[in-house]
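So the structure is just underneath, and the comments pick up after that.
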Amino acid sequence: MIRFVGLCKSFGTKSVLDGVDVTIGKGEVFFIIGQSGVGKSVLIKHLIGLLRPDRGEIYLDDQEISRLTERQYFAVRRRCGMVFQHSTLFDSLTCLENVALPIRKHKHLGKKKALVEAHKRLEQVHMEEFAQTFPAALGDGMRKRVAIARTLTMDPEFVLFDEPTTGLDPVSARRVDVLIRELADRLHVTCVVVSHDLTSIFSIADRIVMLYKGKVRLLGTRDEFRRSADPIVRQFITGSAEGPME
Amino acid sequence: MSAHVGAAVAPEARSGWVRRRLADVGAGAIDNARAARLLYSIFIRTLYYSVRGRREKGAVLRACYDIGNRSLFFLTAVMGFVGMIMVFHSCTQINRITGDLHLVGATYIQLVVRDFAASVGSMMLATRVGAGIAAEIGSMVVTDQVDALRMCAAEPVDYLIVPRFKASVVMTTVLLVWAMFVMEVSGMLTAWGMFNVNPRIFWNISMVDFRDLATGLTKCFAFGAAIPIVSGYCGLTTFGGAEGVGWATTRAVVWSCFATILLNFIISTTALYLFWV
């Protein structure tokens with residue numbers, strides 16, 4: 001279980017998160033939605049120590065983790081994988097080497113053994129034929145699949161997806177949706193997804209939280225969001241240009 | 001009425017203005033202290049991982065090629081022209097005063113070895129190498145690649161700065177020794193061609209001794225170490241998108257040049273007290 005309690009974060013004079021309280025259950029597909037710049041990615045980066053809160057606490061299975069050192073966070077990052085918005089594959093490494101890197105660092109395996117395991121992971125996402133290709137030669141959808149393979153190498157209990165379908169064609173986007181749902185259903189992986197993609201949100205989410213002006217606006221199931229009378233929520237989920245949202 | 005209200009509010013407004021200005025100064029001081037602490041932390045971690053970090057020869061060799069081989073033509077051209085300008089102005093001034101040019105070669109070689117090749121050459125390298133390092137690491141920061149490295153349990157300083165640090169220490173020293181030679185040759189040819197000075201006096205090393213050589217080489221080594229650390233720091237602290245990368249690059253050049261000048265002052269002063277006083 002993941003728990004954010006009274007989380008506050010500012011960048012300079014700009015307050016991004018202002019007392020966010022969210023609890024995410026095990027095995028859930030949990031979506032974080034909201035306008036651009038509202039702090040969705042900032043929120044999930046706190047869980048893996050890429051950002052540190054100004055105030056508030058973060059619990060991972062009842063262990064308070066917000067005050068850990070960078071080295072202590074390595075253990076948390078073994079349990080929580082993250083698929084970044086831009087795939088973030090290293091251009092100087094082949095796809096196979098990209099996937100092998102966390103295996104070598106986290107599991108302290110030799111290069112040969114790590115490459116063998118990395119190859120198996122690429123097979124899982126049907127990218128084995130591109131093992132020796134450099135990421136720059138691949139399209140966005142393929143890069144995203146390699147990035148997911150890299151994240152899954154550690155068999156994480158929690159996977160954080162930062163806008164996984166942004167920039168993908170509709171077919172690739174739905175394939176990513178299916179992959180996320182399968183992770184939760186088959187492997188009982190908790191998936192936390194930051195997204196604007198309404199199709200994804202209303203097809204695979206178990207629960208959704210909407211952030212607005214640094215606070216939780218609504219936390220609930222898909223049906224609760226559909227039924228919500230809150231004009232801010234309604235404007236967001238209908239994608240209307242007119243409304244009370246600033 | 002309005003004058004009365006204005007008089008009543010003015011002291012409060014003034015104290016508010018003063019408080020805001022003091023807060024600005026305080027915030028600036030805190031930011032600078034944080035930046036200095038982070039730079040120091042990167043320096044210490046670079047030294048640590050240079051000894052205890054991963055061993056990947058390919059990364060260091062690639063960085064050597066980028067820093068060394070790719071800077072060779074640029075540095076040769078610039079230092080050649082700098083040598084020509086220096087000798088041209090020196091000889092012109094000496095001709096106006098005494099007209100005796102027989103010591104110009106010996107004093108010139110001393111100046112080049114002890115100070116000039118290292119300080120001017122390293123600033124030229126800061127513009128090319130420093131900007132490149134900051135731009136590359138800054139781009140990785142804004143596209144989350146550095147965060148992805150951290151997610152892979154890899155230390156960004158170990159992966160991104162240490163290979164460049166090792167390569168820069170070696171290649172900057174080699175390039176700056178080469179720059180000494182280039183300045184010497186270009187100066188000699190200028191004096192010979194324009195002032196009819198015998199070229200042999202430019203190989204008169206009577207005024208250069210171990211102390212000059214030690215000071216010059218220490219500077220080469222120190223500047224070679226400073227450029228990747230300062231530029232790496234600027235890259236790792238990039239914030240924002242393309243504009244942030246642009247600012248990181250600018251800061252890398254400015255702060256690397258400043259670092260070389262500051263180190264030059266420290267090393268020259270130390271050498272003065274150690275060797276000459």
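Below, chains carry the letters A, B, ... as their sequence lines are ordered, and counting in each starts from 1. Reckoned from all heavy atoms, side chains included, excluding hydrogens, waters and symmetry mates.
The side-chain tip of B:Lys219 does not point at the ring of B:Phe221 from less than 6.0 angstrom away and within 45° of straight on.
The greatest number of non-hydrogen atom pairs below 4.5 Å with chain B, out of A:Arg78, A:Lys45, A:Met82, A:Arg71, is found for A:Lys45.
Heavy atoms of A:Phe84 lying under 4.5 Å from chain B belong exclusively to its side chain. Looking at A:Leu89, only its backbone comes within 4.5 Å of chain B, counting heavy atoms on both sides.
Side-chain contact of B:Ser41 with B:Arg45: a donor-acceptor pair under 3.5 Å is present, judged by distance alone.
With contacts defined as side-chain heavy-atom distances shorter than 4.5 Å, the pair A:Val125/A:Val146 does not qualify.
Nearest heavy-atom pair, A:Asn98 versus A:Arg150, reported as atom, atom and distance to 0.1 Å: O-CD, 3.2 Å.
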